Amino acid sequence: MINVTLPDGTVLEVPPDSSIGDVAAAIGPGLAKAAVAGQIDGETVDLGTKLSGDAAVRILTERDDDALAVLRHSAAHVLATAVRELRPGAGIGFGPAIDDGFYYDFDVPEPFTPADLEIFEAKMADVAKANHPFERRVVSLEEARALFADDPLKLERLEEFSEDEVITVYQDGPFLDLCRGPHVPSTGSLKHFKLLSGAGAYWRGDEKRQMLQRIYGTAFFKKSQLTEHLERLEEAKKRDHRVLGRELDLFSTDPRIGPGLILWHPKGAIIRNEVERFEQELILRHGYDLVYTPHVMNERIFEISGHLENFKDGMFGALDVEGVAYRPKPMNCPGHIAIYQSQQRSYRDLPIRMAEFGTCYRYERSGVLHGMLRVRGFTQDDAHIFCTPDQVPGEIERLLDLVDEILTAFGYPYAISLATKPEEKALGTDEQWDTAVQTLADTLESRGVEFEYDKGGGAFYGPKLDFKLIDAIGREWQGPTVQLDFNLPDRFDLEYVGEDNERHRPVMIHRVLVGSMERFVGGLIEHYAGAFPIWLAPEQVRVLPISEHFLDSASDFVDQLKAVGIRAVLADRETLSYRIRDAEMHKVPYMAVIGEREAEAGTVAVRKRGAGKKQEVIDRAEFVQQVQGEIESRTLD
RNA sequence: GCUCCGAUAGCUCAGUGGUAGAGCGCCUCCUUGGUAAGGAGGAGGUCCCGGGUUCAAGUCCCGGUCGGAGCUCCA
């Protein structure tokens, strides 16, 4: 008999040669029916996999995320099955499950059209209905070569197997694929799926190789989940910052100015300015000094910093100034270092925290540019902390506070990862890395902050903390980063005079909070769907007189609001209904309606964005005070 | 950069070889309104640029420019 340990710790005895499916059945008929796949000692396997000895076993059902990945991988096979039925000559590449679904790459002479996708989707439904079992087979390399003799992409993959590796193939009905698995028991498990888009993708992600045609799709166990997912995609589309940016008149780009270069319109500039002012106030409280450095610098400084060596492809080309080469800066560090080095520094001066909203320019390939989120010119909320090694933990603590304060203000939950030494290129000794990583980990732990390790994810010059933001519809965004740097202090030969009157090397910490103003504001547009909290809203109150008779009264009220710094606008066009609709469409936080009653009583009828007809008639002074309070406290909602 | 798709009024888009269209926005006039579009009239186009095919090109072909999707998540 074999002893099987279940997740709850109970041990089950099953006959030798039992499969995972048998284990599920032994636990209960309900589970046997619900089982999709299983895990043996943490590794996901088919239900049909037989146990070779005592093991920890978990049965995966529709409720497990790991099971969803299995379903989606199987969905990719069903897609390939359908495509092969309809296009027998199609070459097959890879077809994995991905975060939100799956894809499969095909080698076909002509790209697929949206109409093709519909036909494939219908065919997939037939394949699912046929309920072909997914059959796993272990084959020899020779056998595999024979099976895939007509599939050059698969043959190429087979070349990479080593002697002792197990090669498996999966068959579902007419379709055979080289595949590690695991899969759901049969194609019938696939009930709720949708093909989403087609696009070119290089074979093996290598732009020197041929382009395959990729089909993306998604699949779920429950119809409601699929519907919800599709609705979320719709919602994301509605929030697209490029669309809202135009509708709300926040920003634009102009081909005459150049792709990837953002023009901030007055309303967008208000949002950016509010973010900057807020952050500036915050960092001054946290002991930072503000500095400014040039946008263009003699490229010699980038030789010293190593940017020309390591980052040249990401830099704008050189400008010739009286025979000397200058470059737009891709990063702010060299300028800040030059300020540090403008005088001799003592340990008594440290830590020095230098901050700048520094505008940088980077060359990005035209195909990757995207609205405000991926651009060629952007302003970083950059800072460099120069400190002694002993001061590092304290500085990290301070940064954790700062990060928390700023992200909370915008209503972003976040997750932290600690990126360690990269496998390949890395400066500094293992010991240096270990201490640095340990310092970061200890600091996080001492505060009880949860984090994950991102093994090998550090920059070549030091470990880093990455903060991932979660937006209002659950998407992840790159947030603050904090990086320890072993490289630049050496390259620039940074020094401070210690208590012992000797020269020492300071530690340098790079950090950004929002990252780039462009990307961050672009993200805010999507996070808030254009309905900004009042402190950020370009227009905070719209005053609507009911008719021309109350224009004076309304206009006085606008002045009253403006006098205390509230961004107020008078709406004097068309009918009241039109004005309300217009204010609502422009997502103005408050509408202040003034008719005969309000003009006489010195009140306003306040209508809140999104609240419909619910309104409150209050004293004008009281309203002003309330709005002021909400702005000052940076109320979210 | 590469593959595919696209480019027509300020915006969103229809028009597929034969007289350039709609909705919204904009302008003017009427209406003076009580909570998500009051009514009427009007202006506005080098159909992205260059070349080609054709009696005839917004429409078909070639080249360019710009924009979009994708190109990382390893059978």
Side-chain angles (χ1 to χ4, degrees), chain A residues 69 73 76-77 80 92-105 108 110-114 144 147-148 151 153-161 165-170 176-181 183 196-216 240 242-243 246-247 249 252-260 313 363-371 544-551 572-586 591-599 605-607 609-615 617:
Chain A
H73 182 191
H77 278 241
I92 46 176
F94 293 158
I98 52 174
D99 277 353
D100 286 318
F102 63 88
Y103 68 77
Y104 210 107
D105 287 341
V108 284
E110 294 288 319
F112 299 122
T113 64
L147 287 170
F148 296 103
D151 288 305
L153 302 181
K154 293 291 173 186
L155 289 178
E156 183 181 330
R157 175 65 186 102
L158 282 170
E159 291 307 306
E160 294 163 15
F161 280 92
E165 256 178 293
V166 177
I167 300 175
T168 55
V169 296
Y170 276 81
L176 179 79
D177 201 354
L178 175 67
C179 177
R180 186 171 45 203
H183 280 285
L196 297 170
S197 60
Y202 297 103
W203 169 230
R204 319 222 66 172
D206 182 347
E207 58 189 80
K208 293 186 189 67
R209 305 297 300 269
Q210 81 233 63
M211 174 123 349
L212 306 179
Q213 294 306 318
R214 176 170 297 180
I215 296 176
Y216 282 97
D240 189 320
R242 294 165 302 178
V243 176
R246 170 175 296 293
E247 283 172 7
D249 194 17
S252 64
T253 55
D254 184 325
R256 295 170 305 174
I257 304 264
D313 291 345
Y363 167 70
E364 298 278 2
R365 303 209 293 179
S366 57
V368 306
L369 300 175
H370 184 82
L544 327 196
I546 277 175
S547 81
E548 273 175 22
H549 304 299
F550 316 108
L551 254 180
D572 59 355
R573 298 196 29 187
E574 299 289 341
T575 58
L576 181 63
S577 283
Y578 180 95
R579 292 168 192 171
I580 286 172
R581 179 180 148 89
D582 193 58
E584 207 66 74
M585 304 266 282
H586 285 90
M591 283 168 254
V593 181
I594 292 175
E596 189 170 8
R597 298 194 292 271
E598 292 79 10
V606 176
R607 180 173 160 144
R609 172 178 64 198
K613 288 185 184 176
K614 261 193 294 175
Q615 66 172 356
V617 180

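Every chain is numbered from 1, with letters handed out A, B, ... down the list of sequences. Being a predicted model, the structure only gives us computed values, none of them experimental.
- Arg214(A) comes within contact range of the sugar-phosphate backbone alone, with a heavy-atom separation under 4.0 Å but no base atom that close.
- Between the C1' atoms of G21(B) and C61(B), the separation comes to 27 Å (whole Å).
- Set against C26(B), C71(B), G68(B), the side chain of Arg242(A) has G68(B) as its closest nucleotide.
- Rounded to whole Å, atom C1' of G70(B) lies 12 Å from atom NE2 of His370(A).
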Pairwise N/O distances under 3.5 Å, protein to nucleotides 47-49 of chain B:
none

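- Out of A36(B), C26(B), C73(B), the shortest distance to the side chain of Asp99(A) is found at C73(B).
- Put simply, the side chain of Leu153(A) reaches to within 4.5 Å of the side chain of Leu212(A), judged on heavy atoms.
- Taking atom P in both G15(B) and A9(B), one finds a spacing of 15 Å when rounded to whole Å.
- Note on Glu574(A) versus Arg581(A): no salt bridge recorded, every NZ/NE/NH1/NH2 to OD/OE distance being 4.0 Å or above.
- In terms of the ring-ring contact (aromatic ring centres under 6.0 Å, His included) criterion, residue partners of Phe112(A) (sequence neighbours excluded) are, by chain and number, Phe106(A), Phe120(A).
- C24(B) and G10(B) make up a base pair, with Watson-Crick or G-U wobble contacts both under 3.5 Å.
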- Task: Using a 4.0 Å cut-off on protein heavy atoms (strictly under), produce a 5'-to-3' string for nucleotides 2-8 of chain B with B for base contact, S for backbone-only sugar-phosphate contact, and - for none.
- Result: BSS----

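- With contacts defined as side-chain heavy-atom distances shorter than 4.5 Å, the pair Lys154(A)/Ile92(A) qualifies.
- U35(B) atom P lies 13 Å from atom CZ of Arg579(A), rounded to whole Å.
- When the P atom is compared between G6(B) and U59(B), the two are found 14 Å apart, to the nearest whole Å.
- Listed by chain and number, the residues in a side-chain hydrogen bond (donor to acceptor under 3.5 Å, both in side chains) with Asp254(A) are Arg256(A) (sequence neighbours excluded).
- Residue Arg609(A) is classed as having no contact, given no heavy-atom separation below 4.0 Å to the nucleic acid.
- A tilted orientation is assigned to the rings of Trp203(A) and Phe94(A), their planes being inclined by 30° to 60°.
- In the set G1(B), G34(B), U32(B), G34(B) carries the atom at the smallest distance from any side-chain atom of Ile546(A).
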When you compare the protein's N or O atoms with those of nucleotides 37-42 of chain B, which come within less than 3.5 Å of each other, and at what distance?
residue: A37(B); atom: N7; partner: Arg581(A); partner atom: NE; Å: 3.4
residue: A37(B); atom: N7; partner: Arg581(A); partner atom: NH1; Å: 3.4
residue: A37(B); atom: N7; partner: Arg581(A); partner atom: NH2; Å: 3.2
residue: A37(B); atom: N6; partner: Arg581(A); partner atom: NH2; Å: 2.4
residue: A37(B); atom: N1; partner: Arg581(A); partner atom: NH2; Å: 3.3
residue: G38(B); atom: OP1; partner: Thr575(A); partner atom: OG1; Å: 3.0
residue: G38(B); atom: OP2; partner: Thr575(A); partner atom: OG1; Å: 3.0
residue: G38(B); atom: N7; partner: Glu574(A); partner atom: OE1; Å: 3.3

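- Nearest nucleotide to the Tyr103(A) side chain, out of C73(B), U35(B), U32(B): C73(B).
- Nearest to the side-chain atoms of Glu548(A) among the listed nucleotides G34(B), G67(B), U32(B) stands U32(B).
- Within the model, atoms OG1 of Thr575(A) and CG of Leu544(A) stand 10.5 Å from one another, a figure rounded to the nearest 0.5 Å.
- Nearest nucleotide to the side chain of Leu576(A), out of C71(B), A36(B), G34(B): G34(B).
- Closest to the His549(A) side chain, of the nucleotides U35(B), A36(B), U32(B), is U32(B).
- Annotation: G45(B) and A14(B) have their C1' atoms spaced 15 Å apart (nearest Å).
- Separating the CG atom of Asp105(A) from the P atom of C71(B) is a distance of 10 Å, rounded to the nearest angstrom.
- Gln615(A) comes within 4.0 angstrom of a base, heavy atoms only.
- Residues Pro545(A) and Arg579(A) form a side-chain contact, since some pair of their non-hydrogen atoms from C-beta on lies under 4.5 Å apart.
- For the pair Phe148(A)/Leu176(A), a side-chain contact is recorded, criterion being any heavy-atom separation below 4.5 Å from C-beta on.
- Residues satisfying the side-chain hydrogen bond (donor to acceptor under 3.5 Å, both in side chains) criterion with Asp249(A), sequence neighbours excluded, are His265(A).
- Look at Arg242(A) and Asp240(A) and you find a salt bridge, because one of the NZ, NE, NH1 or NH2 atoms lies within 4.0 Å of a carboxylate O, short of that distance.
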